[in-house]
> 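Just dropping this structure here.
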Amino acid sequence: MAESTMQKIVSLAKRRGFIFQSSEIYGGLKACYDYGPLGVELKRNIKDAWWDDTVHRRDDVVGLDCSIIMHPDVWKASGHLAGFSDPLVDCRNCKERFRADKAPRAAAGSAITYREGGKKDGKKLPGVVGPQGYVCPVCGSGDLSGERQFNLMFRTSLGPVDPMQEILDAVDDMAKLDPAARKAKLAEIVGRSAVYLRPETAQGMFVNFLNVLNSSRMKPPFGVAQCGKSYRNEITTSNLTFRTCEFEQMELEFFVEPGTDEKWYEYWSNARYNWYISLGMKKDRLRMRPHEKSELAHYAKACVDVEYFYPFENPQGEGEWGELEGIANRTDYDLKKHSEFSGKDLSYFETETKRRFTPYVIEPAAGADRATLAFLCDAYDEEVVDKEKNDIRVVLRFHPRIAPIKVAVFPLVKKDGMPEKAEAIMKALLGEGINSFYDESGAIGRRYRRMDEVGTPWCVTVDTETLSNGTVTIRERDSMEQSRIPSEGIADYFRNRLKKSRE
RNA sequence: GCGGGCGUAGCUCAAUGGUAGAGCUCCAGCCUUCCAAGCUGGUCACGAGGGUUCGAUUCCCUUCGCCCGCUCCA
């Protein structure tokens, strides 16, 4: 079996220090990943590009950085604490697991037929509906396990006393209580100190709405942006960093006057799509997928996903559309809910018009890890340089803005003072904040190829001509073409090229 | 969490009931005056724990992790 594109990318990511599995020397931890020296640069560059384009280059968006642990009531108001867990049930006949609330209903005890083993051609067998009052959506069997809750939020405790210790201390007294009172006591002990890791950064912007309004003198339409970690106990995780329990979000909550929300929803949908294109993402691998009415979250009036065609493997072959970002019209749901639960008025009074309204929210919520993975996959290319020699080069064609290393500096050979000159150029570039890398080992061609593999857009080579007239060779990653420029002012040269790459 | 497959150097693979080889990579050096695969030397592995056995990487059990499917995905 030939290695799939995804496998090659995973290998490259590990070999070159983009992504490692977490705690690898201890056997690894499920669905947790670490970013290596190059991966952290790539992800940072993506986050910086997002912050720069979303906050710095606009006058109507400000930033925020909230704590990951928030008041538990935040999650009651948002609906996460009550609704984040869906009861799941296993079918004992066909082993299917399904959501209880989505299963076909049937009167408990009534006669039904189901398919043996859940197979399409399975024999039809008689059965009865269990006490739950629904049947398996796949085979129709009524022989089901009990309903189980899966809370998708990570719970921990705030305070120096471990609730487990409190339970142990109280266990003898609890034994004397009747079962209902015992359960209540247990829930009371756990609930007293329970706090949750945020499952999304969005709520931080909503609960700080008044703080931002009063301190920043912003008026709708305006946005609050935040970039940070969120946590969800996903039932299934897969495809490297695509779905993980700990992930980083880049979220914008854009507050607008009701009635203008649809216009702004359109605006941000286009803006977000174009953002990925501006960073070099291939158009044929990016699409906008509006949600069906039935898919919409309870708070959303409309939602569209920006999806990327990842090279994930599946039975149909390679490639699968996966969500990068969701743009939702959250209406005034969140501000109203927090008003209700906190008792604070989160509406906005417009002085000029003497009107009071609760803003609608347009939310572009992007995954930083998903974007990083998508840009990595999108950049991956194998180019046949010489068919006869079977010379194939692996290139990561990152946009210069997100490339981990911007410039590599080489001496053509390791003598005649070339290494010293090259090192001086590298240091000059570093001194100007341009991430650069020096290498003198092996043949020059091999060094170019090594830089191709990590996506460095430019290589600078010091040769004999440098020693006589001060010019150096610039080698382009994408075209492999070379040109000469003076080594004097080389930092400005690259700064300009980086600036130009934004346009 | 369920079903199926898998786990040998950094990567991709091989062999074996008597403690493991290769290619590429990596490191040191040589050679190299502009595009990989030249020469010399070197580092590095049987995911973890238990059992069977004189002896286990190989057989068995458990566990951890990975992949595929289901499921889930505010």
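Just so it is clear, the model here is predicted, and its values are computed rather than measured. A, B, ... follow the sequence lines: proteins, then strands. Residue 1 opens every chain.
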> Any idea which of B/G65, B/C34, B/U25 is nearest the A/I444 side chain?
B/C34
> Using the C1' atom as the reference point in each nucleotide, state the distance between B/U71 and B/A9 in Å, no decimals.
37 Å
> Using purine N1 to pyrimidine N3 plus N6-O4 or O6-N4 for Watson-Crick, or N1-O2 and O6-N3 for G-U wobble, each under 3.5 Å, what pairs with B/A45?
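Across all strands, not a single nucleotide pairs with B/A45.
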> So if I apply the side chain to side chain contact (heavy atoms under 4.5 Å, CB included) rule between A/C377 and each of A/I9, A/T5, A/L396, which one comes out positive?
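Only one option passes, and that is A/I9.
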> Please report the closest heavy-atom contact between A/S479 and A/E476, naming both atoms and the distance.
OG-CB, 3.4 Å
> Between B/C6 and B/C13, how far apart are the two P atoms, rounded to whole Å?
14 Å
> Measure the spacing between CD of A/E253 and CG of A/D334 and express it to the nearest 0.5 Å.
7.0 Å
> Could you work out which one of B/G65, B/C35, B/U33 sits closest to the side chain of A/T464?
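Selected nucleotide (nearest to the side chain): B/U33.
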> Nearest whole angstrom, please: distance from the P of B/C72 to the CD of A/E323.
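Distance, rounded to whole Å: 16 Å.
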> Using the C1' atom as the point on both nucleotides, what is the distance between B/G38 and B/G47, in whole Å?
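Nearest-Å result for B/G47 against B/G38 at atom C1': 38 Å.
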> For nucleotides 40-49 of chain B, which of its nitrogen or oxygen atoms have a protein nitrogen or oxygen under 3.5 Å away, and what is each distance?
none

> To check you understand the geometry: which heavy-atom pair defines the closest contact between A/K421 and A/S487, and what is its length?
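For A/K421 and A/S487, the tightest heavy-atom pair comes out as NZ-OG, 3.9 Å.
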> Using the P atoms only, state how far B/C60 lies from B/C73, rounded to an integer number of Å.
39 Å
> When you get a sec, tell me which of B/U12, B/C66, B/U32 is the closest nucleotide to the side chain of A/V413?
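My answer, after comparing the listed nucleotides, is B/U32.
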> What is the base-pairing partner of B/G1, counting Watson-Crick and G-U wobble geometry with both distances under 3.5 Å?
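B/G1 is paired, partner B/C70.
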> Taking the side chain of A/Y299 as heavy atoms from C-beta outward, which of B/C34, B/U32, B/A74 is closest to it?
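The answer is B/A74.
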> Do A/R272 and A/M288 come close enough that some side-chain heavy atom pair is under 4.5 Å?
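Result no, sub-4.5 Å side-chain heavy-atom pair not found.
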> With a non-hydrogen cut-off below 4.0 angstrom, is A/R475 in contact with a base, only sugar-phosphate, or nothing?
base
> Base, sugar-phosphate or nothing for A/T461? Non-hydrogen atoms, less than 4.0 Å.
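Result for A/T461 = base.
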> For the pair made of NZ in A/K414 and C1' in B/C30, what is the distance, rounded to whole Å?
9 Å
> From B/C35, B/A74, B/U32, pick the nucleotide closest to the side chain of A/Q482?
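Selected nucleotide (nearest to the side chain): B/C35.
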> Answer yes or no: is there a side-chain heavy-atom contact under 4.5 Å between A/F437 and A/M451?
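They are in contact (side-chain heavy atoms under 4.5 Å apart), so the answer is yes.
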> Heavy atoms from C-beta onward define the side chain here; which of B/C11, B/C26, B/U32 lies closest to that of A/K415?
B/U32
> Just call it for A/E24: base, sugar-phosphate, or nothing, with non-hydrogen atoms closer than 4.0 Å on any strand.
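Contact class for A/E24: none.
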> Just how far, in rounded Å, is P of B/A74 from CD of A/E363?
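Rounding to the nearest Å, CD of A/E363 and P of B/A74 are 12 Å apart.
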> Using heavy atoms and a sub-4.0 Å distance, could you list which residues of residues 434-441 of chain A are near RNA chain B? By number, please.
none
> Need one value for A/D452: base, sugar-phosphate or nothing, where a base atom within 4.0 Å counts as base even if backbone is also close, heavy atoms only.
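Counting heavy atoms under 4.0 Å across all strands, no contact is made by A/D452.
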> Is the distance from the ring center of A/F312 to that of A/F242 below 6.0 Å?
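When the ring centroids of A/F312 and A/F242 are compared, they turn out to be within the sub-6.0 Å range.
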> Taking atom C1' in both B/A22 and B/A15, what distance in whole Å separates the two?
11 Å
> How long is the span from the CZ atom in A/R198 to the CD atom in A/Q249, to the nearest 0.5 Å?
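Separation between the atoms: 7.5 Å.
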> For side-chain contact (heavy atoms from CB on, under 4.5 Å), just list the numbers for A/L240 and A/I19, CA-CA rounded to whole Å, side-chain angles, deciding distance to a tenth of an Å, and then say yes or no.
CA-CA 9 Å; A/L240 204 66; A/I19 299 171; 3.9 Å; yes
> Which base, if any, makes a Watson-Crick or G-U wobble pair with B/G7, both distances under 3.5 Å?
B/C64
> Give me the distance, rounded to whole Å, that separates B/U57 from B/U52 when you measure between the P atoms they each carry.
15 Å
> For RNA chain B, whose closest nucleotide is more 5', that of A/D391 or that of A/L29?
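By nearest-heavy-atom nucleotide position, the 5'-most residue is A/D391.
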> Closest approach to the side chain of A/K14, judged atom by atom: which nucleotide of B/C34, B/C11, B/G65 is it?
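The nucleotide sitting nearest to the side chain is B/C11.
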> Measure from the side-chain heavy atoms of A/S11 and tell me the nearest of B/C34, B/C11, B/U32.
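Closest nucleotide to the A/S11 side chain: B/C11.
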> State which residues pass salt bridge (charged side-chain N to carboxylate O under 4.0 Å, His left out) with A/K47; sequence neighbours excluded, sorted by chain then number.
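Salt bridge (charged side-chain N to carboxylate O under 4.0 Å, His left out) list for A/K47, sorted by chain: A/E248.
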> Rounded to the nearest angstrom, tell me the gap between atom CD in A/Q7 and atom C1' in B/C13.
13 Å
> Taking all non-hydrogen atoms of both residues, which atom of A/F20 and which atom of A/G36 are closest, and how far apart?
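The pair with the smallest heavy-atom distance is CE1-CA, 3.5 Å.
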> Does A/R15 get its side chain close enough to the base of B/C26, under 3.5 Å, for a donor-acceptor pair?
no
> Tell me if the side-chain of A/Y26 makes a donor-acceptor pair with the base of B/C64, cut-off 3.5 Å, by modelled atom types.
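It does not, because no donor-acceptor pair links the side chain of A/Y26 to the base of B/C64 below 3.5 Å.
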> Once you apply the 3.5 Å cut-off to both distances, tell me the Watson-Crick or G-U wobble partner of B/U40, or none.
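Checking every strand shown, B/U40 finds its partner in B/A28, with both distances under 3.5 Å.
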> Please say which of A/L412, A/D463, A/T473 ends up in a side chain to side chain contact (heavy atoms under 4.5 Å, CB included) with A/I444.
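Going through the options one by one, the only one that passes is A/L412.
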> Check each of A/L373, A/L42, A/T372 against A/F18 using the side chain to side chain contact (heavy atoms under 4.5 Å, CB included) test, and report the only one that passes.
A/L42
> What nucleic acid atoms does A/R449 come within less than 4.0 Å of, heavy atoms only: base, sugar-phosphate, or nothing?
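Since a base atom lies under 4.0 Å of A/R449, the category is base.
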> Using whole Å, report how far CZ of A/F20 lies from C1' of B/C66.
17 Å
> Considering only side-chain heavy atoms of A/R243, which listed nucleotide, B/A74, B/C73, B/C66, is closest?
B/C73
> Could you give the CZ-to-P distance, from A/R446 to B/C34, as a whole number of Å?
17 Å
> Between B/U43 and B/G7, how far apart are the C1' atoms? Round to whole Å, please.
24 Å
> Taking only the C1' atom of each, what is the distance from B/C46 to B/U8 in whole angstrom?
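Looking at atom C1' only, B/C46 and B/U8 are 4 Å apart.
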> Quickly work out the A/E382 CD to B/A36 P distance and round it to whole Å.
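Spelled out: CD on A/E382 to P on B/A36 is 17 Å.
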> If you find the nucleotide of RNA chain B closest to A/Y33 and the one closest to A/R450, which residue's nucleotide is nearer the 5' end?
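Its nearest nucleotide lies further toward 5', so the answer is A/R450.
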> Send over the distance from A/H80 NE2 to B/C72 P, rounded to a whole Å.
18 Å
> Nearest to the side chain of A/D463, heavy atoms from C-beta on, is which of B/G65, B/C34, B/U25?
B/C34
> Return the nucleotide paired to B/G18: Watson-Crick means purine N1 to pyrimidine N3 with N6-O4 or O6-N4, wobble means G-U with N1-O2 and O6-N3, both under 3.5 Å.
B/C54
